[in-house]
Number of protein chains: 2
Amino acid sequence: MSSPAPAGKAPAGAARPAGAASGKDVRLAAEAWESLFRSQVAVMRRLQSGPAFKKLPVKEYDVLFTLSRCPTGKLRLNEINDHVLLSQSSLSRLVDRLEKRGLVERSIAPEDGRGILLGLTEAGVALQKEIGREHVRDIAELLLPALSATEQQELMRLTEKLRSGLPD
Amino acid sequence: MSSPAPAGKAPAGAARPAGAASGKDVRLAAEAWESLFRSQVAVMRRLQSGPAFKKLPVKEYDVLFTLSRCPTGKLRLNEINDHVLLSQSSLSRLVDRLEKRGLVERSIAPEDGRGILLGLTEAGVALQKEIGREHVRDIAELLLPALSATEQQELMRLTEKLRSGLPD
DNA sequence: CCAAACTAGATGCATTTGCATCTATCGCCC
DNA sequence: GGGCGATAGATGCAAATGCATCTAGTTTGG
């Protein structure tokens, strides 16, 4: 495993406070996470080695993509940050790079002088679409042979439920 | 989205070669991957900010964990590398760090003079167990409220199937 | 209304990462 | 058996990352 890890085990017949998880529950959760994590790694590894990401690293594409999905076309940096597995400072510099390449534009948030709104430029929209097309094709090539449509739907349902059931 | 991205759309009634995916199939696959990816990010973000990973970064823990699961207790670097989202050189240096901390030991693979076998030291075993215990607890805290046992099992089944259905 | 606590984002600096390359061993085929 | 391409892993070096900190704008409490 990568991020998950079972390690200890509870004494066999230990009584536990009402509402606490049993050892079995805990083990199942750890295995489920492990499996989710490993499959994500395996898919991501293949995706990012494809030709679609020679033009732009995956993480940078992800920001363009996120912006492209947003109805208003602009997002605050902190909103983007929740989406991505990057520290605040790394995102700030990643955006610097995107801006230097003319793919995004920073502007000051109207309602909050501290905030920065990020939007795609024309070139950013174009590049996102271009890479996106290839990327979607690659995803389908990986997932379609492995899971049926029904299974993909169920996987989507479960992962969405997981995400929305997290604290905060 | 982060890594996945829908972008283009196929001309409406386009005839396609037998066996090719429909636009609908492709879109579903992209959405399923997106959802899997985002939920992984959301869970990982919470896990790695916990106290369990002050002692050792997640990626380094992952290597200790992987070794701890292996029946023989030793693995080749390239085997570990498939497991992890890291380049070969990064893994090599990560192992340097673990070795300097006395958590793992390199040895030459008996059957292949090029290969390196990696094994946990006593200290490595101990630290893995220690962090592992906390980590499993954290995982359970996140997953148990979000998904039922049945759902966790189904999620595990689907992600395992996905992983084993990938090319190579 | 002002000061103190808080939040959004930028920046200095040490660490980590990846790409390209290098070394050493292996497997193959003549 | 000797050369030749392939594979495992290490290393130089530039780029990316995270932590701590800094700056600036915002909110709160008196």
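In what follows, every chain begins at residue 1, and chains take the letters A, B, ... in the order their sequences are listed.
For the side-chain hydrogen bond (donor to acceptor under 3.5 Å, both in side chains) with A:Glu60, the qualifying choice from A:Arg97, A:Lys55, A:Arg101 is A:Arg97, the only one to do so. Of the candidates A:Ile116, A:Val63, A:Leu67, A:Leu118, A:Leu67 is the only one forming a side-chain contact (heavy atoms from CB on, under 4.5 Å) with A:Leu75.
On the nucleic acid side, DNA chain C has its first and last nucleotide under 4.0 Å of a heavy atom of chain A at C:dT7 to C:dC13, going 5' to 3'.
Within residues 75-82 of chain B, the residues that have a heavy atom under 4.0 Å from DNA chain D are, in order of number, B:Arg76, B:Leu77, B:Asn78. Interface residues of residues 106-115 of chain A facing DNA chain C, ordered by number: A:Arg106, A:Arg114, A:Gly115; criterion, heavy-atom separation under 4.0 Å.
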B:Asn78 vs B:Leu91, side-chain contact (heavy atoms from CB on, under 4.5 Å): CA-CA, chis, key distance, verdict: CA-CA 9 Å; B:Asn78 57 0; B:Leu91 177 62; over 6 Å; no
Polar pairs (N or O, both sides) under 3.5 Å between protein and nucleotides 14-19 of chain D?
from, atom 1, to, atom 2, distance (Å)
D:dT17, OP2, A:Arg97, NH2, 2.8
D:dG18, OP2, A:Ser87, N, 2.7
D:dG18, OP2, A:Ser87, OG, 2.8
D:dG18, OP2, A:Ser90, OG, 2.5
D:dG18, N7, A:Ser89, OG, 3.3
D:dG18, O6, A:Arg93, NH2, 3.0
D:dC19, N4, A:Ser89, OG, 2.9

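Side-chain N or O atoms of A:Glu99 include one that pairs as donor or acceptor with a backbone N or O of A:Arg106 at under 3.5 Å.
Of all heavy-atom pairs spanning A:Asn81 and A:Gln88, the tightest one is OD1-CA, 3.0 Å. Minimum interatomic distance between B:Ala32 and A:Gln152 (heavy atoms only, all atoms of both residues): CB-O, 3.8 Å. Here the closest heavy-atom approach between residue B:Gly102 and residue B:Ala123 is recorded as O-CB, 3.8 Å. Taking both residues in full, the closest heavy atoms of B:Leu28 and A:Ala149 are given as CD2-O, 3.6 Å, listed atom of the first, atom of the second, then distance.
Hydrophobic side-chain contacts under 4.5 Å tie A:Leu144 to no other Ile, Leu, Val, Met, Phe, Trp or Tyr residue.
Under the side-chain contact (heavy atoms from CB on, under 4.5 Å) criterion, A:Ala146 pairs with B:Leu162, not counting sequence neighbours.
One finds the CD atom of B:Gln153 at 12.0 Å from the CG atom of A:Leu158 (value rounded to the nearest 0.5 Å).
For the pair B:Leu47/A:Trp33, a side-chain contact is recorded, criterion being any heavy-atom separation below 4.5 Å from C-beta on.
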